[in-house]
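Reading through the structure tokens given below for one structure.
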Amino acid sequence: MIEAHLAKVYAIWLREFKVFLREKSRLVASTFTPILWLFVIGSGIGSAAGFDAGNVDYQTFIFPGIIAMSIIFTSVFYGSYIIWDRKFDFLKSVMVAPVSRGTVFVGKTLGGMTTSLAQAMILLAIGAAIGIPFTAVSVAQAVAVILLMSFGLTSLGLALGSYMYSLEGFQMMVSFVVFPLFFLSGALFPLDNLPSWLGALTTVDPATYGVSSLRGMMLGIGSADPLIDFGILVAYTAALGTFGILSFRRMKAV
Amino acid sequence: MINIRSLVKRYNGLTAVDGLTLDIGENEVFGLLGANGAGKTTTIHMLATLLKPTSGTATVNGFDIVAQPSKVRESIGIVFQAPSSDDMLTGYENLHIHSLLYSVPGNIRKKRIDEVLELVGLFDRRHDRVKTYSGGMRRRLEIARGLLHKPKVMFLDEPTLGLDPASRETMWKYVRRLVKEEKVTIILTTHYMEEADLLCDRIGVIDKGRIVALDTPANLKASLGGDIIRIKTHDKNAGEIARKFDFVQKAEFADGFLVLSVKDARRSLPALLQVIEAESAEFSSPTLNDVFIRLTGRNIKEEAEGGFMERFAKYD
């Protein structure tokens, strides 16, 4: 019984993974953007403003933020790809199979986590090359944060995608979900001395806790207590996962 | 195998399926024939548990479509109007993934996949990406996919929509082979008369969500009685004139043609042409299209072809 369910989750994941491996342009494009930010914004802003946050240069400071950026973009987009699956009827062929919505949901989120992790690994390798002081522990911690974040945000993408019936909805998602999640997360600036309205917004952004955990774990700065940040991230992830699965259950099949 | 009782589906005040009652037997090839928007696809979607009926009920393979959806799903295979395979994957990969979703046992999985690929003539192309398949091949892959788990019932929703005539005939060949080799009850929807005539044991003509006729193709045609004469004429009174002849059983205008039902067209046509000013005239033995016109007062072909779905679904 359990085995049959696992086989079905595997089937959904396998399809996602194969498509991921074959759509090289998608992988290249979505890895290239964070790299561009890391080097261009990282060096550009770093040299323009007299940046100072815990004795690291700006590029190093934003490195964990860029990892988070890559996860935010990849995961939310990935989840909202459900709109395409529906447009091209692939979803219908899955919905008509004896597979529960929950199983499809888990398979899809695993696919999103795989994609996000693969991209984050490329970025971690680049980080090692530009001198981020990784330790075995901090990498392991980072992987845990990456998986949590991408699970939560893929769920969010799936949830929002399940309410949308046209591809135009995709553009809305970029403007109103993806960019705010990224800009408000503290990926690009320290959160200490923000105007109060902005500070308040950053505290409701789930990605803030991902960025903060990553930065604390990798660089030892920017977080009062990475464990608390991590705890809040876990709570957010659980909430987003619940939102995702509930939305996915009520989604119309045709 | 399928028992439908007073099935109704309403969308925002629009009634797509209006109290459908129908029984389909084991190993029958049943055709739902109707124009676009007649309620064919909505009916199929309800039977396949993708849509909940507004009221009424149906059982498929003895399972209730509302109360036991997963039992129903295990019992059916379905080919949708538009191909739904992932074109980034190969034909084999698509089938492999679906065999997992349908819990086809591991020890026979590969054998069964090869078997259905063979059945639809795609075995040699199994390791090519679906992207490279023609429209007809994609549709056949969907049939193979629907058969993987040896379903009791197979739904084919407009299996040849948007295919060119040659691919359509190939498709028919495979559907007939399927009937012979897989022993499965088939419900197919179509708006192609020939297709229904050629493939189906029985046909339900569906119009505005209701079954308006239900019989074998031969009986449906015979119900018109005799031959059909079609006369193109501008004479508004032609119908009146024609009805004066004893041998004219029925006369009505459809799409600018005066359509007459007569016993023997060869003998009655000359007499008619003497009194009706005709631009052209032709006669034929009844086709299902004539049956459809008689039942609905409309011509199925002109409504269906060039429609949005038709253009949308052209893959070849």
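Chain naming here is simple, since letters A, B, ... match the order of the sequence lines and numbering starts at 1 in each. No hydrogens, no waters, no symmetry mates; every other heavy atom, side chains included, goes into these values.
The aromatic rings of A:Tyr163 and A:Phe243 sit parallel to each other, their planes meeting at less than 30°, with 60° as the upper class boundary. The aromatic rings of A:Trp37 and A:Phe182 lie perpendicular to each other, with more than 60° between the two planes, well past the 30° mark.
Using modelled atom types, one finds no donor on one side chain facing an acceptor on the other under 3.5 Å when comparing B:Asp64 with B:Thr59.
Between chain A and the options B:Lys52, B:His96, B:Arg145, the largest number of non-hydrogen pairs under 4.5 Å is found for B:Arg145. Ranked by heavy-atom pairs under 4.5 Å with chain B, the first of A:Thr103, A:Asp85, A:Val99, A:Val104 is A:Val99. When each of A:Ala7, A:Pro98, A:Ser100 is scored by its heavy-atom pairs under 4.5 Å with chain B, the top score falls to A:Pro98.
Residue A:Phe88 touches chain B through its backbone alone, counting heavy-atom pairs closer than 4.5 Å. Both the backbone and the side chain of A:Glu23 come within less than 4.5 Å of a heavy atom in chain B. In this structure, the portion of B:Glu93 lying under 4.5 Å from any heavy atom of chain A is its side chain and not its backbone.
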Give the intermediate values and the outcome of side chain to side chain contact (heavy atoms under 4.5 Å, CB included) for residues A:Met95 and B:Leu50. CA-CA 7 Å; A:Met95 295 296 188; B:Leu50 288 169; 3.8 Å; yes
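A ring-centre distance under 6.0 Å is found for A:Phe73 and A:Phe179.
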